[in-house]
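Note sheet for the following structure.
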Amino acid sequence: MDFDTNYRMTIGGDLVDAPASFAVLNPATRERIAEVPDAGKAQFAAAVSAARTAFKSWSLTPLAERQAAVHRIGQAIEANAESFVALLTREQGKPRPGAQWEILGAAHWCRAVAGQSLADEVLVDDGDRRVVTRRTPLGVVGAITPWNFPVLLSIWKIAPALVAGNTIIVKPSPFTPLCMLKLAELCREFLPPGVFSAVTGGDDLGKWMTAHPGIDKIAFTGHTETGKHVMRSAAGTLKRLTLELGGNDPAIVLPDVDPKAIAPQLFWASFQNNAQFCNATKRLYVHESIYDEVLAELVAYTKTVKVGNGADPDSMLGPIQNGPQYEKVCEYIDDCITQGYRFAGGGRVDRDAPGWFVPVTLVDNPPEDSRIVAEEPFGPVLPVLKWRDEADVVARANATRYGLGASVWGRDLDVVQRIAERLEAGTVWCNEIHQYSPDQPFGGHKESGLGCENALDGLAEYTNWQTLTLNVKPAF
Ligand code: NAD
């Protein structure tokens, strides 16, 4: 299959263009790399109608067949991994190792989720009555995804939705729609028409999806503010919701670590995917006794990391993915300059660079109420902060409306554990970071989300409870 041209939507098993289109740019060069369909309302309605029709038979398809189909999605990704990796780098900007991690991770997730199922639960079976709770599919799922991990975060929705017996329509971010259009096209070979559709358009398409009465659930990943719009709009038809939203993850570093040894791990905790990562460490709290050394080691390590076009084999970090996000990250840097905060590294953006490049920037102990600490920059600008008192640093770490992830780093495991248990976050990593698994529930506390993805808890979010009771000895 040609991955370089001909990007069309998959609707009801057909490849479809739209009367209008929009451009997709390579963030490393700002050059146009594709035109993709800009779906109209009628086309979206056709996708919903096809998905509803397909649901009738897909929901009755035996579980083993649905699992096998999801397994095949994984095989299709793997068989075309090279093309997906190259395309992901072109549209998203991430260098090859990150693109490979995402694409092979997506294939791995399909295989793992294909092995999951939700068993019926027998509550009563006493010879007179039998009461069973079972899980039934919801209907049509609308998946709305962001641009930072466009393939993996879509698979986190597609795989469980289909295993559970739903059909799905995916609306990728308009900044990174290409891999998803190609994946849906590939899946036409083995999925019945309407089971998995991909439609492309702007934010309005997302709004149509959240309001449409033919959609039963929205699985959304994106900004907290957008998530609130989604929730309000979905309320009209009481859609089921899974919301994976923003984060401002703290990392707490104890005084007993070796600054040189830990610096690379802390660096990647913050800057993986160019910090365009919901779970990036966005506030790094280092104990005051080792603060200067850790900061110096971070600065030294930063100098070994090449930022450049993701297609260059020696690039370790790519560009900011899109223009609006680039402007936002530059605004955070400007704010630090205006406020007189000290940069330990970075801080100067070359606005004439061919792509949306921002240097890795370390801000030296800015105030706790500064924008760079309190908000989610979603780019490579990290505030490094001093702490002295354990209770105080825990309070500072928790003083946010977000609650997505957190990490604690130290050799005294009792202290590490004690701190970890006090952090208000969906995932707290201790002496490691960004370990995800199809068997590990993932979701946010507070305004970082609602519900979870992955594991059987995540699978259950694609189902309704149904309680079946049977009087075994009817009196008639
Ligand atoms: P975004 O909210 O701008 O967009 C996400 C998706 O929502 C896009 O497809 C967009 O077109 C669509 N959309 C925009 N407005 C909409 C509306 N009113 N109704 C319906 N859909 C709408 O987010 P983004 O900039 O693409 O992604 C970055 C954000 O995502 C960050 O806040 C990041 O932390 C978060 N994120 C969270 C997770 C997680 O798992 N919790 C993972 C990745 C990213």
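Atoms within a ligand are numbered from 1 in the order they appear, just like the ligands themselves. Hydrogens, waters and symmetry mates play no part in the numbers below; they use all other heavy atoms, side chains included. Computed from a predicted structure; not experimentally measured.
Remark: ligand 1 atoms within the under-4.0 Å shell around heavy atoms of Leu404 are 41 (N). Taking a cut-off of under 4.0 Å to the non-hydrogen atoms of Thr221, the atoms of ligand 1 that pass are 5 (C), 36 (N), 37 (C), 38 (C), 39 (C), 40 (O), 42 (C), 43 (C), 44 (C). Under a 4.0 Å criterion applied to the non-hydrogen atoms of Ile144, ligand 1 contributes the atoms 6 (C), 7 (O), 9 (O), 12 (C), 20 (C), 21 (N). Near Ser173, with a cut-off below 4.0 Å to any heavy atom, the atoms of ligand 1 are 9 (O). Within the listing of ligand 1, atoms 31 (C), 32 (O), 33 (C), 34 (O) sit less than 4.0 angstrom from a heavy atom of Glu376. Close approach of ligand 1 to Gly206 is summarised as follows: ligand atoms under 4.0 Å from at least one heavy atom of the residue are 19 (N), 20 (C), 21 (N). In the vicinity of Leu153, heavy-atom distances shorter than 4.0 Å reach the ligand 1 atoms 42 (C), 43 (C). Numbered from 1 in the order shown, with element, the atoms of ligand 1 that lie under 4.0 Å from a heavy atom of Asn148 read 43 (C), 44 (C).
Nearest residue to atom 30 (O) of ligand 1 from Gly222, Gly142, Pro146 is Gly222 (criterion: closest heavy atom). Of the candidates Phe442, Trp147, Phe378, Phe378 brings a heavy atom nearest to atom 31 (C) of ligand 1.
Under the 3.5 Å distance criterion, with hydrogens and angles disregarded, no donor-acceptor pair is assigned to the side chains of Lys94 and Asn274. Donor-acceptor pairing under 3.5 Å is lacking for the side chains of Glu244 and Thr221. A side-chain N or O of Asn454 and one of Trp109 form a donor-acceptor pair less than 3.5 Å apart.
Each of Asn26, Asp4, Asn309 was compared with Arg90 under the side chain to side chain donor-acceptor pair (under 3.5 Å) criterion, and only Asp4 meets it.
Under 4.0 Å from ligand 1, the heavy atoms of Pro174 that appear belong solely to its side chain. Neither the backbone nor the side chain of Phe175 has a heavy atom within less than 4.0 Å of ligand 1. If you look at Thr145 next to ligand 1, the close heavy atoms, those under 4.0 Å, all belong to the backbone.
By the 4.0 Å N-to-carboxylate-O rule, Glu225 lies too far from Arg232 to be salt-bridged with it. Salt bridge present: Arg351 and Glu327 bring a charged side-chain N and a carboxylate O closer than 4.0 Å. A salt bridge links Glu82 to Arg96: at least one charged side-chain nitrogen sits closer than 4.0 Å to a carboxylate oxygen.
Cys278 CB, 3.6 Å is the protein heavy atom nearest to atom 36 (N) of ligand 1. Ranking the protein heavy atoms by distance from atom 22 (C) of ligand 1 puts Thr226 CG2, 3.6 Å first. The protein heavy atom nearest to atom 10 (C) of ligand 1 is Asp203 OD1, 3.4 Å. Scanning all protein heavy atoms for the shortest distance to atom 1 (P) of ligand 1 gives His223 CD2, 3.6 Å.
Counting protein heavy atoms under 4.0 angstrom from atom 24 (P) of ligand 1 gives one or more.
Annotation for Met316: atom CE counts as buried by contact number, over 12 foreign heavy atoms lying within 6.0 Å. In the displayed structure, Arg348 atom CZ is contacted under 6.0 Å by at most 12 heavy atoms of other residues, nucleotides or ligands. Counting heavy atoms of neighbouring residues, nucleotides and ligands inside a 6.0 Å radius, atom NZ of Lys41 does not exceed 12 of them. Heavy atoms from other residues, nucleotides or ligands lying under 6.0 Å from CZ of Arg240 number 12 at most.
Partners of Pro324 by side-chain contact (heavy atoms from CB on, under 4.5 Å), not counting sequence neighbours, listed by chain and number: Phe175, Asn322.
When only interatomic distances are considered, the shortest N/O to N/O separation between Leu245 and ligand 1 falls below 3.5 Å. Of the N or O atoms in Lys171, one or more lie within a sub-3.5 Å distance of an N or O in ligand 1.
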